[in-house]
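Below is one structure, written out as structure tokens, with a few remarks after it.
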Amino acid sequence: MDVSMALWALTVAGLAALITVDFFIGRKPHDVSIKEAGIWTVVWITLACLFGLGLLVFAGGQPAGEFFAGFITEKSLSVDNLFVFVLIMAKFAVPSPYQQRVLLIGVLIALVLRAVFIAAGAAILANFSWVFYLFGAFLIWTAWKLIQEARSGAADEEYEENKVLKAAERRFGVADRYHGTKLWIRQHGKRVMTPMLVVMLAIGTTDVLFALDSIPAIFGLTQDPYIVFTANAFALMGLRQLYFLIGGLLKKLVHLSYGLSVILGFIGVKLVLHALHETGVHVPQISIPVSLGVICSVLIVTTLTSLAAGRKQAAAKEVGTPQAGDAPKDSVDA
């Protein structure tokens with residue numbers, strides 16, 4: 001797409017306006033209900049769909065297809081992020097009324113950092129086409145790693161602070177308790193961070209690690225920086241509401257890691273084929289409709305098999321649980 005600076009500025013201004021509205025809606029700390037989270041999740045997905053339809057009308061089917069494929073991929077990968085967000089919230093014992101503020105600022109930090117990643121990735125790919133090989137190999141390796149982690153149960157490990165966060169805590173110090181939504185306070189005559197700021201930084205910087213696979217993944221679907229950025233923005237901005245909507249259901253998606261590994265592996269292969277095609281090798285090219293179909297199919301199958309596994313496990317527990325009034329086996333007379 002030939003995107004003018006005026007359109008870039010208008011898009012960024014529109015996204016900033018949406019973020020501002022989101023901030024004012026959730027500015028008062030409160031427990032987010034399932035109903036509230038569900039309504040706003042639908043709102044953000046609807047806005048993303050309207051943006052995609054706008055691309056379809058004004059830019060054509062190819063950019064619109066790339067946006068929807070990228071948005072769905074980034075959204076599905078962001079659901080995996082929520083597992084870690086739950087661990088972070090538990091580690092820092094974030095009071096439930098403050099969790100939405102933590103997620104809002106944390107996601108905003110992540111969006112800014114991802115914009116830097118996208119700009120760098122677009123510049124590199126525009127000048128060095130061989131980087132597609134590296135991106136493809138990295139995604140395939142990440143897919144294999146996801147499978148290994150799913151088998152070993154590594155997703156249940158406790159969250160550990162990264163080096164950047166530890167360095168900030170050593171440099172500025174951290175208050176011993178939360179002070180509402182304040183980020184800085186004076187303690188013993190020294191200006192220190194509050195746990196609220198620390199957990200926001202934890203959410204934002206941790207998302208950068210997830211960007212290491214999600215950014216190459218979406219570049220495997222489109223090389224248009226405008227589509228990459230907007231797909232990431234819409235996927236991230238609805239993440240806060242999605243956290244409260246499906247937070248309690250995350251553990252039921254037992255096959256999510258397997259589904260994401262299939263998606264990442266598929267896009268990795270697509271990137272390698274694209275790199276071979278760019279160097280003059282006659283190989284089949286995977287179209288956007290095929291990519292979109294594979295991504296949606298994998299997510300549907302993953303969800304259905306996860307729910308089936310959950311029902312099977314629940315039935316097994318019900319059968320194996322002694323009923324009230326039943327005598328223990330050891331007490332039955334011979």
Side-chain angles (χ1 to χ4, degrees), residues 12-45 47-48 74-75 78-115 159 161-162 164-166 168-169 172-187 191-211 232-250:
V12 172
L15 293 174
L18 291 174
I19 293 172
T20 301
V21 171
D22 196 20
F23 178 82
F24 278 103
I25 290 174
R27 69 185 183 278
K28 184 179 180 181
H30 66 281
D31 291 318
V32 179
S33 66
I34 296 295
K35 180 181 179 180
E36 179 184 348
I39 291 173
W40 283 105
T41 296
V42 172
V43 168
W44 283 115
I45 293 177
L47 288 173
E74 293 299 314
K75 200 70 174 177
S78 69
V79 171
D80 197 35
N81 298 12
L82 296 182
F83 284 102
V84 180
F85 290 175
V86 169
L87 294 178
I88 292 174
M89 293 291 191
K91 178 178 177 63
F92 290 97
V94 182
S96 57
Y98 300 147
Q99 289 184 4
Q100 62 165 342
R101 178 67 64 86
V102 168
L103 288 169
L104 178 62
I105 304 301
V107 167
L108 183 58
I109 294 172
L111 182 58
V112 172
L113 293 176
R114 284 201 182 201
Y159 167 77
E161 297 178 19
N162 56 55
V164 174
L165 200 57
K166 289 180 179 179
E169 291 174 356
F172 298 103
V174 182
D176 56 357
R177 63 182 178 85
Y178 286 89
H179 292 263
T181 57
K182 292 182 179 179
L183 305 182
W184 297 90
I185 64 164
R186 284 207 167 270
Q187 184 172 279
R191 192 165 181 259
V192 299
M193 298 189 300
T194 65
M196 176 69 73
L197 178 56
V198 174
V199 71
M200 286 177 179
L201 293 175
I203 294 289
T205 55
T206 299
D207 185 81
V208 174
L209 300 178
F210 289 103
N232 267 273
F234 279 107
L236 280 177
M237 287 194 301
L239 194 58
R240 178 169 66 92
Q241 289 81 6
L242 198 61
Y243 172 88
F244 294 105
L245 181 63
I246 68 172
L249 303 176
L250 286 175

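Take Arg191 and apply the side-chain contact (heavy atoms from CB on, under 4.5 Å) test, not counting sequence neighbours, and it matches Trp184, Arg186. In terms of the side-chain contact (heavy atoms from CB on, under 4.5 Å) criterion, residue partners of Ile19 (sequence neighbours excluded) are, by chain and number, Leu108, Leu111, Met237. For Val42, the side-chain contact (heavy atoms from CB on, under 4.5 Å) partners at least two apart in sequence or on another chain are Thr46. Among residues two or more places apart in sequence or in another chain, the side-chain contact (heavy atoms from CB on, under 4.5 Å) test is passed with Ile185 by Ala175, His179, Lys182, Gln187, Val192, Thr194.
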Please report the C-alpha distance between Phe234 and Leu15 in whole Å, then the side-chain angles of each, then the deciding distance to 0.1 Å, and finally whether the side-chain contact (heavy atoms from CB on, under 4.5 Å) criterion is met. CA-CA 9 Å; Phe234 279 107; Leu15 293 174; 4.2 Å; yes
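Rounding to the nearest 0.5 angstrom, the gap separating the CH2 atom in Trp44 from the CG atom in Leu242 is 13.0 Å. One distance of note links CG of Leu104 with CD of Gln99; it measures 13.5 Å at 0.5 Å rounding.
Residues Val94 and Tyr178 form a side-chain contact, since some pair of their non-hydrogen atoms from C-beta on lies under 4.5 Å apart. A heavy-atom distance below 4.5 Å is not found between the side chains of Leu239 and Leu103.
Counting only distance, with no hydrogens or angles, the side chain of Glu74 and the backbone of Leu236 share no donor-acceptor pair below 3.5 Å.
The nearest pair of heavy atoms linking Val102 to Met89 is CG1-CE, 3.8 Å.
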